[in-house]
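Before any comments, here is the structure.
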Amino acid sequence: MSQPTIESILQEKRLFRPAEDFSSAAHISSMAQYQALYEQAAADPAAFWAELAEQELDWFQKWDQTLDWQPPFVKWFVGGKLNISYNCLDRHLTTWRRNKAALIWEGEPGDSRTLTYAQLHREVCQMANVLKDLGVKKGDRVGLYMPMIPEAAIAMLACARIGAAHTVIFGGFSADALRDRLNDAEAKVVITADGGFRKDKAVPLKAAVDQALEDNAVPSVAHVLVVQRTQQEVNWQADRDVWWHERQPTASADCPAEPMDSEDLLFILYTSGTTGKPKGVVHTTGGYNLYTHMTLKWAFDIKDTDVYWCTADVGWITGHSYIVYGPLSNGATSLMYEGAPRASNPGCFWDVVEKYGVTIFYTAPTAIRAFIKMGDELPKARDLSSLRLLGTVGEPINPEAWMWYHEVIGGGQCPIVDTWWQTETGGFMLTPLPGATPTKPGSATKPFPGILADVVDLDGNPVGANEGGYLVIKHPWPSMMRTVYGNDERYRKTYWEHIPPQDGQYLYFAGDGARRDEDGYFWVMGRVDDVLNVSGHRLGTMEIESALVSHPAVAEAAVVGRKDELKGEDVFAFVTLEGQYSPSDSLKAELKQHVVKEIGAIARPGDIRFADALPKTRSGKIIRRFLRNLASGEEIVGDATTMEDQSVLDKLREEA
Ligand code: PRX
């Protein structure tokens with residue numbers, strides 16, 4: 001099984017039309033309806049979004065101006081006041097949804113919990129009051145480093161309720177990575193747990209927080225709030241640490257949602273870019289609330305009868321937009337799962353689908369490829385007939401995986417909704433609308449209404465049908481990132497300066513290569529920059545290189561992606577050593593472990609190759625293209641005559 005290649009997708013001619021019974025009951029039920037919405041939105045995007053904002057969200061005060069676009073800085077619903085926690089909770093309490101399940105949590109090992117909208121509201125209000133007691137005020141930042149437990153969603157909503165911005169840091173990141181992010185955001189409080197369960201093991205979390213904060217390394221942090229989850233031993237710093245269970249249950253449940261300006265900071269989420277330092281992607285309140293609400297409603301056709309399960313971790317944007325905010329704003333039932341498929345329980349995902357009658361299931365191609373490998377017997381032994389829609393995200397899905405998902409998991413009955421989007425976009429950008437759009441295996445199909453997407457060359461000129469180019473978005477949308485936290489210049493440079501404006505229209509540069517076929521379907525090919533996509537996790541090559549060179553043995557490092565059947569891509573590092581060190585397997589293992597310490601296990605190199613020298617241009621730039629070829633065992637493509645020293649390449653080739 002391989003990643004899609006240009007050749008394979010050009011040959012992909014299968015078309016799957018929505019079933020009539022699905023379409024007739026769907027929010028958007030025909031291509032004609034999609035087309036009409038698309039054209040209406042394209043003609044006047046601001047008016048389109050303003051109408052939906054009025055219909056779909058509750059506002060404390062209406063906005064004065066829908067769109068303020070001073071490229072590349074955007075504001076939506078200027079002057080409007082709302083609170084996303086109010087839209088996710090309070091407004092459902094006056095309806096029958098009060099006693100509807102908001103969150104269903106399936107924990108490890110064997111725990112479970114259901115919170116109705118009324119119960120979730122109560123817990124969020126209590127937590128919001130605890131945060132206030134700890135000195136958190138509107139505008140402050142709160143770091144979250146948590147396992148997949150309901151408290152993670154409660155903490156996010158509690159922050160939003162009092163106007164504090166959260167920055168969730170994936171629990172798989174190391175203490176060092178955590179420290180950098182907490183410092184960049186100047187977090188006042190960190191919310192964590194003693195530990196979390198991962199694949200039959202209780203892994204510590206509080207210990208990493210302690211390590212990150214050691215020697216006052218993050219001076220902004222005044223308190224650490226700790227959920228008791230695994231009951232493992234923890235070190236305790238009495239003047240700083242607070243147990244969640246000692247404060248939250250007795251806190252007042254009266255905490256009205258703070259009226260927030262539409263453009264007030266909602267959260268910062270760090271993601272990898274092309275430099276060594278991760279970027280704090282900034283999302284604000286109103287536009288993000290509207291866009292995640294609308295995309296979930298139309299692209300996943302969410303209904304009150306659905307049990308919706310997104311398998312992402314809340315540490316990523318998918319968890320933010322489509323486990324917490326999008327579903328709850330719609331009054332849906334969102335399922336959260338703490339576990340992961342593992343040798344001792346490879347069929348656990350299908351057990352969860354069967355147990356709760358999951359109707360909408362959203363996961364990543366890397367997981368689908370792993371399921372294929374585990375065999376059809378596992379899903380076939382469970383009753384998956386409740387499923388009515390299947391979503392995918394995170395990386396290009398190869399047509400074989402798409403077909404397997406469709407046939408084996410969906411029983412040939414469920415539309416496959418391939419959603420292309422990014423941390424920066426906040427919500428789905430390219431996606432089928434399942435009652436309307438015929439799907440093609442491997443294509444994220446068409447832009448969501450209001451999204452003006454194109455494929456262009458480096459000058460910004462649209463390329464022809466089936467020609468490769470760069471994916472761009474031509475008009476701001478409500479949940480577009482606002483900036484890089486504390487670094488407007490980096491925001492401008494990363495997203496707006498690669499491709500020049502066209503006829504005065506600024507083009508958002510996504511960093512992905514794509515092509516559009518003769519039917520206007522988009523086929524996303526993957527990153528065109530130095531960002532890797534390993535099992536759907538985004539990693540910067542520079543970030544890993546910086547981690548490697550911080551080890552005393554390493555003189556120089558170059559990291560590239562190597563194609564991998566399961567992960568899509570794997571981390572492959574070329575390393576030259578300082579004079580007094582010599583290559584060995586134990587040094588290799590040590591360097592891998594060093595990357596885990598610096599960044600986290602997700603960045604562990606799959607392989608490291610020691611080299612005497614790296615291929616460079618005469619001006620000293622490493623020629624990564626050649627290293628990518630070498631890593632994947634391919635022929636070297638391209639002109640090697642610009643190289644400083646030809647023998648370097650020959651040597652590397654010999655050692656392969
Ligand atoms: O390369 C694209 C890939 O994931 C990148 C965004 O990563 P991140 O910000 O971590 O967000 C992941 C979840 C939204 C994109 O630049 N990507 C995401 N979805 C798809 C995809 N590539 C192809 N098809 C997709 N459906």
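Because the structure is predicted, anything quoted here is derived from the model rather than measured. One-based numbering, in listed order, for ligands and for the atoms of each.
- Among the candidates Trp105, Tyr322, Phe349, Trp350, the single residue satisfying the ring pair (Phe, Tyr, Trp, His ring centres under 6.0 Å) test with Trp309 is Phe349.
- Checked against a 6.0 Å centroid threshold, the rings of Phe428 and Trp420 do not count as neighbours.
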Using a 3.5 Å cut-off on N/O to N/O, what pairs does ligand 1 make with the protein? A line per pair would be great.
residue, atom, partner, partner atom, Å
ligand 1, 1 (O), Asp512, OD1, 2.6
ligand 1, 1 (O), Asp512, OD2, 3.2
ligand 1, 4 (O), Gly394, O, 3.3
ligand 1, 9 (O), Thr423, N, 2.8
ligand 1, 9 (O), Thr423, OG1, 2.6
ligand 1, 9 (O), Arg538, NH1, 2.7
ligand 1, 16 (O), Gln422, NE2, 2.9
ligand 1, 16 (O), Asp512, OD2, 2.5
ligand 1, 16 (O), Arg527, NH1, 2.8
ligand 1, 17 (N), Gly394, O, 3.4
ligand 1, 19 (N), Gly394, N, 3.0
ligand 1, 22 (N), Pro396, N, 3.4
ligand 1, 24 (N), Glu395, O, 3.3
ligand 1, 26 (N), Asp418, OD1, 2.7
ligand 1, 26 (N), Thr419, O, 2.8

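- Remark: the Ser329 side chain and the Asn289 side chain contain an N/O donor-acceptor pair separated by less than 3.5 Å.
- Applying the salt bridge (Lys or Arg N to Asp or Glu O under 4.0 Å) test to Glu598 and every residue at least two apart in sequence or in another chain returns nothing.
- A donor and an acceptor atom, one from each side chain of Ser321 and Tyr288, are located under 3.5 Å apart.
- Under the 4.0 Å criterion applied to side-chain N and carboxylate O atoms, Glu634 and Arg628 are not assigned as salt-bridge partners.
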